[in-house]
Number of protein chains: 2
Amino acid sequence: MQQDRSAPAGVSRRGRPRSFDLDVVTAAALRTLWTKGYETTSIEDLVQATGLAPSSLYAAFGSKQGVLEAALARYDRDREDLLAPLERGSGGLDDLRRFLSSIRHSLTQSDGPGCFMVNTATEVAPRDDRIAERANRYRERVRDGIAAALGRAAARGELALQDAEDITGRARLLQAAVYGVQVAARGGATEEALATVDALRRQVEQWAGEAVQLRDRQPEDR
Amino acid sequence: MQQDRSAPAGVSRRGRPRSFDLDVVTAAALRTLWTKGYETTSIEDLVQATGLAPSSLYAAFGSKQGVLEAALARYDRDREDLLAPLERGSGGLDDLRRFLSSIRHSLTQSDGPGCFMVNTATEVAPRDDRIAERANRYRERVRDGIAAALGRAAARGELALQDAEDITGRARLLQAAVYGVQVAARGGATEEALATVDALRRQVEQWAGEAVQLRDRQPEDR
DNA sequence: CTATTTCTGGAGTGAATGCTCCGTAATGAT
DNA sequence: ATCATTACGGAGCATTCACTCCAGAAATAG
């Protein structure tokens with residue numbers, strides 16, 4: 001199997017340099033795999049999408065699985081804007097609200113694709129440990145990001161919690177529900193997906209409302 | 001394309017009768033498609049799983065897609081025990097609790113498969129309208145079943161609801177979360193899937209607790 | 001019984017698959 | 001300029017794919 005021979009950044013290498021931008025090619029491959037699915041995408045499809053010859057594709061990625069891994073890594077990186085505010089945002093519940101708004105927005109933009117990680121997790125994770133690990137790490141990242149935002153919200157008094165267990169539990173609930181929304185979206189049920197996100201938002205506001213009720217009812221405890 | 005020539009029940013037909021049980025064969029095909037996925041399953045795999053020759057397989061199902069449709073129909077039927085109590089049960093929240101317990105139990109039994117409908121929805125629904133419709137109908141069935149149970153619970157006073165919208169919203173939330181759990185399970189994250197179901201159960205109990213609080217706090221309203 | 005209909009299973013179809021080989025082009029190092 | 005090294009692209013590899021054909025077997029109708 002051939003290896004990716006791309007140079008470490010800044011180090012000039014002998015021989016003919018590659019004539020394409022690996023990032024651009026990876027993005028094109030991601031788009032194709034996302035919409036068509038892994039098995040249904042042929043090398044010919046990737047050749048057309050990237051404009052590369054088969055041999056160049058294999059020189060760069062090693063195998064079809066290699067293309068998938070690169071696409072997953074790229075997807076991970078592209079989701080930084082979505083997840084970083086959850087993980088390290090300065091807001092509490094607002095960070096979570098913005099997250100759900102972003103999810104909602106993405107549903108109206110892309111038609112069919114759903115979430116690349118969700119699609120890949122169900123299609124290829126069961127028979128590829130490396131892919132499974134990546135998909136699981138991403139899912140945990142979403143869950144932990146939501147939990148972090150919930151934790152900040154609790155610290156601000158925006159949530160009424162009985163114990164720390166509640167944060168993890170609610171984060172798990174939201175993460176799972178968001179994944180479920182992506183399944184519906186992938187199946188073409190955009191309206192239902194949107195309505196479900198709205199239901200999630202209402203649940204979050206209900207959690208917030210409990211904290212307000214608690215404050216109003218027991219002001220002496222402040 | 002050949003058609004399924006199976007006779008209507010009770011009507012004897014001329015010619016050599018088929019020597020296999022269509023139900024048994026469909027069940028075997030379902031099992032294979034469920035664990036391996038649609039694209040990864042070859043006709044050869046189905047031949048080995050069912051014990052039928054390719055031509056008999058095609059005589060019975062017409063095409064590989066036909067096998068998938070039959071398997072989905074079979075899956076639908078097999079889920080009757082799970083969904084009927086939700087839809088037409090005599091309990092309220094208890095029906096929902098039993099549903100979640102069943103989901104939880106199935107996670108510890110099967111390793112890897114997840115939910116056949118979820119897997120199929122993400123893998124083949126985007127490029128096959130018939131499959132997409134079937135997957136969407138199933139998803140709506142789960143949602144409406146949960147909503148029906150929640151409705152009965154509300155009628156019994158087990159839930160405190162502001163409006164009818166709440167029932168649909170909560171049903172959507174639960175349905176999506178259950179689907180998300182299946183994605184995690186398909187990825188091999190059984191422990192996480194179990195923990196998420198537990199979180200869902202706690203959320204349901206919290207909803208129930210609100211109703212109790214409301215009763216205790218405003219007994220004059222009864 | 002005979003005639004007819006249907007099913008069975010194995011061999012085999014063309015097409016598509018993932019992947020590789022190799023001659024040539026293009027670059028950097030010397 | 002020369003050489004070493006790498007990338008490019010098209011032709012082509014063996015294999016696998018979903019699917020079909022056909023000759024024989026097995027059943028029922030009359």
Side-chain angles (χ1 to χ4, degrees), chain A residues 1-26 28-29 32-33 36-71 123-124 127-128 131, chain B residues 1-8 10-22 24-26 28-29 32-33 36-71 123-124 127-128 131:
Chain A
M1 187 190 299
Q2 285 175 284
Q3 298 293 324
D4 176 7
R5 305 198 201 289
S6 64
V11 175
S12 92
R13 309 179 63 230
R14 221 162 13 187
R16 178 177 172 180
R18 65 160 49 112
S19 64
F20 57 86
D21 185 331
L22 193 60
D23 266 3
V24 173
V25 165
T26 306
T32 306
L33 290 169
K36 290 206 59 174
Y38 179 71
E39 290 298 335
T40 322
T41 298
S42 65
I43 299 295
E44 172 63 22
D45 290 332
L46 292 173
V47 163
Q48 292 203 349
T50 60
L52 269 72
S55 64
S56 299
L57 211 58
Y58 276 84
F61 298 105
S63 67
K64 192 183 172 187
Q65 283 197 25
V67 179
L68 176 59
E69 282 202 60
E123 186 182 0
V124 353
R127 61 190 156 81
D128 187 319
I131 303 295
Chain B
M1 188 189 298
Q2 285 174 286
Q3 300 292 326
D4 177 7
R5 306 197 201 286
S6 65
V11 175
S12 96
R13 308 180 62 232
R14 211 151 35 174
R16 179 177 171 179
R18 65 160 52 110
S19 63
F20 56 87
D21 184 333
L22 194 59
V24 173
V25 164
T26 305
T32 306
L33 290 169
K36 290 206 60 174
Y38 179 71
E39 290 298 336
T40 321
T41 299
S42 66
I43 298 294
E44 172 63 23
D45 290 331
L46 293 173
V47 162
Q48 292 203 347
T50 60
L52 266 68
S55 63
S56 299
L57 212 57
Y58 276 83
F61 298 105
S63 67
K64 193 183 173 188
Q65 283 197 24
V67 180
L68 177 59
E69 283 202 59
E123 187 183 358
V124 353
R127 62 192 155 78
D128 188 319
I131 304 295

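From a predicted model like this one, the values you see are computed outputs, not experimental measurements. In what follows, chains are A, B, ... by sequence order, proteins preceding strands, each numbered from 1.
The separation between B:Y58 atom OH and C:dG12 atom C1' is 14 Å, rounded to whole Å. The CG atom of A:L52 sits 16 Å away from the C1' atom of C:dG18 (whole-angstrom rounding). Spacing between atom NZ of A:K64 and atom C1' of C:dT17 amounts to 8 Å, rounded to whole angstrom units. Atom pair B:L57:CG and D:dC19:P shows a separation of 10 Å (rounding to whole Å applied). To the nearest angstrom, P of D:dA18 lies 15 Å from CG of B:D128.
The salt bridge (Lys or Arg N to Asp or Glu O under 4.0 Å) contacts involving residues 54-69 of chain B comprise B:E69-B:R130, where partners must be two or more places apart or lie in separate chains.
Distances shown here put a side-chain N or O of B:S56 below 4.0 Å from the OP1 or OP2 atom of C:dT8.
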Dump every N/O contact between nucleotides 25-27 of chain D and the protein below 3.5 Å, one line per pair.
residue, atom, partner, partner atom, Å
D:dA25, N3, B:R16, NH1, 3.1
D:dA26, O4', B:R16, NE, 3.4

Please write out the pairs of protein N or O atoms and N or O atoms of nucleotides 10-15 of chain D separated by less than 3.5 Å, giving the distance to one decimal.
residue, atom, partner, partner atom, Å
D:dG10, O6, A:S55, OG, 3.4

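Partners of A:R127 according to the salt bridge (charged side-chain N to carboxylate O under 4.0 Å, His left out) rule, which considers only residues two or more places apart in sequence or in another chain, are A:E39.
Within residues 38-48 of chain B, the residues approaching DNA chain D are B:T41, B:S42, B:I43, by heavy-atom distance under 4.0 Å.
B:F20 contributes atom CZ, which lies 8.0 Å from atom CG of B:L57 (distance to the nearest 0.5 angstrom). Taken from OH in A:Y38 to OG1 in B:T40, the straight-line distance is 9.5 Å, to the nearest 0.5 Å.
A donor-acceptor pair under 3.5 Å is absent between the side-chain atoms of B:Y58 and the main chain of B:A53, judged by distance alone.
In terms of heavy-atom proximity, B:A60 sits nearest to B:L22 at CB-CD1, 4.1 Å.
Contact annotation: the side chain of A:V25 approaches that of A:F61 to within less than 4.5 Å [non-hydrogen atoms, C-beta and beyond].
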List the atom pairs, donor and acceptor, that lie under 3.5 Å between side-chain atoms in residues 44-51 of chain B and the rest of the protein, sequence neighbours left out.
residue, atom, partner, partner atom, Å
B:E44, OE2, B:Q48, NE2, 3.2
B:D45, OD2, B:K36, NZ, 3.1
B:D45, OD2, B:S42, N, 3.0
B:D45, OD2, B:S42, OG, 3.2
B:T50, OG1, B:L46, O, 2.7
B:T50, OG1, B:L52, N, 3.2

